[in-house]
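Order of the sequence lines sets the chain letters (A, B, ...), proteins ahead of strands, with each chain counted from 1.
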Amino acid sequence: MTAVLSPRNIADRLEKEFPGSIVSSDDNSFEMNSTFLVPAARFLKDTPGLDFDFLSYITGIDRYDHFELVYHLVSLKHNHSLTFKVRCYGRDNPSAPSLTPVWRGADFQEREIFDLLGVRFEGHPNLKRIVLWEGFDGHPLRKDFLG
Amino acid sequence: MTLKTEPFVVNIGPQHPSTHGVFRLRTTLDGEVIVDVEPIFGYLHRGIEKLAEERTYGGIIPLTDRLDYLASMSNNMGYCMAVEKLAGIEVPERAEYLRVILAELQRIASHLIGVGAFFNDLGAMMTPIVYMIREREKIVDLFEMLCGQRLTYNFMRFGGLSQDIPEEFLPALRKFLDQMPRFIDEYDQLLMDNEIVLARSKDVGVLPAETAINISASGPVLRGSGVKWDIRKADPYSVYDRFEFDIPTGTAGDAYDRYRVKVEEMRQSLRIIEQAVAQLPGGPFRSKVPFLVRPPVGEAYAHIESARGDLGFYLVSDNSIAPYRFHVRAPSLINLTALREMLIGWKVADAIIIFGSIDIVMGEVDR
Amino acid sequence: MNIVYHGIAVPDMKQLPPDWPGGFFWHWLVFTVIIFTFVFTLVMAFTWVERRGLGRMQSRLGPNRAGPFGILQPVADAIKVLLKEDIVPSRSDRIVHWLAPVVAFFPALLIFAVVPFQNGALLADLDIGILYVVAISSVSTVGIFMAGWGSSNKFSLLGAMRNVAAVVSYEMPLVLAVIGVVLIAGSLSMNQIVLAQDIPLILLQPLGFLIVFIAGCAEINRSPFDLMEADSEIVAGFHTEYSGMKFAMFYLVEYAEALALSAIIATLFLGGWRGPVLPPWLWLVIKVFAVFFLMVWTRTTLPRIRIDQLMALAWKFLFPLALINLAITGLQVVAWPDALPWTMIIVNFAIAAVLIVLWSRLFKVGWGRVEV
Amino acid sequence: MEIVPERPSLIELDRHEGQVIEDMKAASNRPLSDPVAWLEEDIERNILLTTVDAMINWARGSSVWPAMFAPACCAFEMIAMAASRFDVSRFGMEIFRASPRQADLMITAGTLTWKMAPNVKRIYDQMAEPKWVLAMGSCGVSGGIFASSSYAVVPGYNRIIPVDVYVPGCPPRPEALLYGIRMLHQKIAKGSLARHDN
């Protein structure tokens with residue numbers, strides 16, 4: 001059984017490592033400040049004992065006033081998992097740092113979020129529309145998208 | 001003086017015999033050798049994630065059928081598990097066993113097509129796939145017995161199945177279980193040691209284990225690279241922890257290993273089904289679930305080992321009858337992440353079989 | 001004025017103009033008609049045999065609605081394809097695009113000029129029959145390359161390039177293996193080679209037969225060497241842009257070449273028209289079908305190999321074996337011209353088996369990537 | 001291996017393709033009519049023409065070569081139809097041509113999205129006359145379960161190309177597809193050289 005690590009615990013460690021990086025935490029996940037995303041991700045990936053080598057999925061949720069990005073990490077070595085979230089604000093040009101340099105698996109998923117939700121990922125090597133065509137008007141998964 | 005040739009851009013797809021649907025590779029070729037490639041998706045993007053936001057939870061089950069249309073039962077199962085997790089619905093034991101049987105049957109059916117299509121890409125003039133479809137038809141018949149459909153089953157419900165299995169299902173299943181190992185052996189005999197198959201697929205399209213993990217590959221692609229990771233063992237869902245089975249892994253991570261892993265997985269699936277049939281308990285096939293599910297505010301993620309890998313469903317509920325957000329972790333899409341570097345430097349003919357060995361379904365890639 | 005050869009009288013047509021009015025003219029006319037009929041009929045029969053055979057081998061039925069047992073299926077196909085619209089792509093080189101099927105088609109037909117249907121019954125009993133076959137058979141490649149170039153389609157060009165590479169490489173082992181036959185028969189003339197075969201030469205030249213069959217299959221794009229029209233890789237290869245009648249020509253070329261190869265193999269190795277009881281031409285047809293069935297069989301069974309493996313197979317496997325085969329045959333012909341056939345058969349089969357096993361140990365198809 | 005940034009020319013190409021898609025989306029908001037009315041009465045034909053017609057139509061109907069075109073789910077019912085159990089080769093149809101130039105029939109086995117629509121139109125245009133289109137499955141007929149509100153799905157192939165035979169079902173069973181093909185054979189049998197149909 002994949003053990004779910006306590007998000008509070010991890011959040012405390014991250015806060016100690018990168019002061020100011022954690023916004024809040026509860027029993028299921030913790031929320032991270034987007035500026036610390038890449039260093040924190042490297043920390044989670046490389047720290048012995050955590051070893052989150054497998055980025056299971058990324059997804060985005062439109063919460064009207066902000067976009068919530070959900071990251072789900074798994075460690076194949078220790079068979080444990082972790083969920084954390086990042087908020088990005090603004091409807092016009094919301095952005096978050098890209099995790100592609102850390103986990104290549106983020107590549108297509110970030111492009112998909114960019115395509116369907118319109119969240120820009122800074123530092124992504126090839127950020128362009130993936131499933132829809134160039135010139136498509138709007139981002140379909142936004143709640144205010146008019147089909 | 002060195003002889004130089006001009007690289008030229010060739011579009012493989014979206015309508016191409018070997019792209020397994022509508023997939024496009026914008027390749028730059030130098031003679032026969034691929035120097036650059038850009039995969040282009042979206043030719044089957046139907047907006048299922050958006051459509052799901054305006055349907056009831058139950059109404060999404062038919063949509064999940066059409067994600068990975070070669071493994072509808074697995075999709076149904078993953079989605080129902082996510083909703084059950086979100087709404088806290090209990091599943092009776094009999095339903096769990098039947099779900100396992102159906103999901104494993106579906107895995108065999110899907111791998112049969114996957115392996116057959118792989119040989120088609122190798123250029124085997126339809127013969128292997130015709131034989132493998134012959135076997136798949138037997139599984140399809142079993143499913144048809146349950147729900148009357150051949151491809152998009154829409155059979156599972158929250159808290160169980162839509163109906164109990166008919167009387168004649170188990171005898172038919174036992175007959176299938178008796179026959180199938182012989183057929184798999186026959187395919188092995190005909191194909192496994194074929195000199196041309198070995199020459200074409202050994203050491204072709206190698207995906208090293210570190211890269212496979214880093215790109216979040218899963219399923220036969222990850223296991224072909226030698227990583228022993230299977231959700232059924234690592235994070236046992238349903239009643240998988242009660243069965244004995246092995247996780248076949250490859251060593252080199254080449255196209256041949258991915259094909260072998262699929263064949264071995266069929267054998268293991270047969271083992272699981274045999275055990276599940278032997279242990280199949282009685283009792284209800286579905287728990288009492290309201291017609292319109294209204295899960296509490298929250299979110300849930302459930303994942304299963306589908307035929308193509310780690311298939312996950314992420315649901316966010318706002319306590320209405322439709323999900324606020326419905327996300328699919330599509331293994332086919334994520335397995336393709338390393339496609340570019342797997343293809344560069346190989347010839348067109350190799351590109352086709354590397355792509356074929358990853359075994360994707362476009363419905364799931366584009367959603 | 002017959003030449004006595006191996007104890008059989010052969011009409012010597014080069015020295016004896018027929019004394020009927022018109023001389024050779026009627027001979028040519030009659031044989032041209034016979035060859036056209038033979039080729040078109042057998043090509044239709046071939047497509048039927050292939051589709052029914054493929055069907056049976058894939059546990060299906062195959063075409064069975066058009067006529068009894070579907071024997072009218074090739075007729076329906078032919079009428080339909082001929083009446084389809086002929087599309088010339090706007091960017092294509094029109095003249096080359098138009099000329100390509102013709103250039104590809106006629107060499108396949110011309111080969112039959114030297115294939116004997118029975119003793120002395122052939123259009124032209126050339127002294128250099130084999131040389132003629134070898135020379136003519138490669139001309140089709142020009143047509144195929146024209147098709148690839150003239151279509152101005154990238155897939156077509158790839159297919160055409162592959163075809164040229166294959167033909168250039170496989171001509172070598174093919175010719176070397178055929179020379180073994182010539183050494184035993186002591187003549188280059190197709191008719192005299194048949195006359196020399198008191199026992200079919202496949203028994204004396206098992207290795208040569210295999211090399212000619214494999215190299216021939218590679219030259220005429222039969223599976224597993226059908227890289228030029230590999231539909232899972234390059235759509236339809238050189239004839240991607242062809243429709244209607246021109247496509248029908250290419251379809252015809254494909255099977256006419258298979259027919260030509262079958263006829264040549266039947267003539268060189270299986271004793272041509274010779275056989276008991278049945279009329280000679282029927283024996284030839286039976287043998288042609290036997291060889292063609294082998295081709296259908298390999299087509300259903302084997303996956304396709306890659307272009308560099310195709311090259312490697314020609315140069316690393318077939319070419320050395322053909323050389324060795326030629327050397328051994330030469331030695332046998334010089335040293336033991338009067339050896340008992342049965343001892344030679346046993347010796348040659350043993351040599352072939354040993355060589356193949358040995359060479360397949362030394363060489364694997366997948367080894368060594370040859371860049372082309 | 002690092003990922004090389006996109007070359008500007010390819011982005012331009014993408015924009016151009018996007019523009020083509022938008023144009024097509026704007027242009028096709030009404031279904032095209034079927035090529036020939038189904039139950040049209042036989043027109044006056046003399047005996048010679050009738051015989052020629054009969055032979056040509058027999059030939060065309062007996063060897064309908066489908067194009068290899070498999071967008072989505074229905075493709076697997078199409079493949080099942082071509083495999084040994086349902087065996088469409090009986091009708092001389094097992095030759096699936098990879099090149100649309102040589103195909104007679106397009107079996108639209110699956111959902112059509114706007115992104116794919118220009119390609120489908122192009123494949124149809126590349127096919128040589130006479131050609132037929134069989135809209136397979138609900139998606140092919142009307143967009144199916146995606147038609148109601150999806151932003152990406154074309155509601156039926158007949159927005160893009162004229163369709164001869166419609167086979168409903170999601171996906172239709174191979175038997176249903178075979179029935180549709182028999183209907184197409186009937187339609188082909190009604191064709192005539194005397195007028196320029198489809």
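When the shell of 6.0 Å around CG of A:Asp137 is examined, it contains 12 or fewer heavy atoms from other residues, nucleotides or ligands. At most 12 heavy atoms of other shown residues, nucleotides or ligands fall within 6.0 angstrom of atom NZ in A:Lys77. Within a 6.0 Å radius of CZ in D:Arg122, other residues, nucleotides and ligands contribute 12 heavy atoms or fewer.
Heavy atoms closer than 4.5 Å to chain D are found in both the backbone and the side chain of A:Leu132.
Within residues 109-116 of chain D, the residues having any heavy atom under 4.5 Å from a heavy atom of chain A are, by residue number, D:Trp114, D:Lys115.
No hydrogens or angles considered: a donor-acceptor pair under 3.5 Å links the side chains of D:Glu22 and A:Trp133.
The distance from the CG atom of A:Leu141 to the OH atom of D:Tyr151 is 5.5 Å, given to the nearest 0.5 Å.
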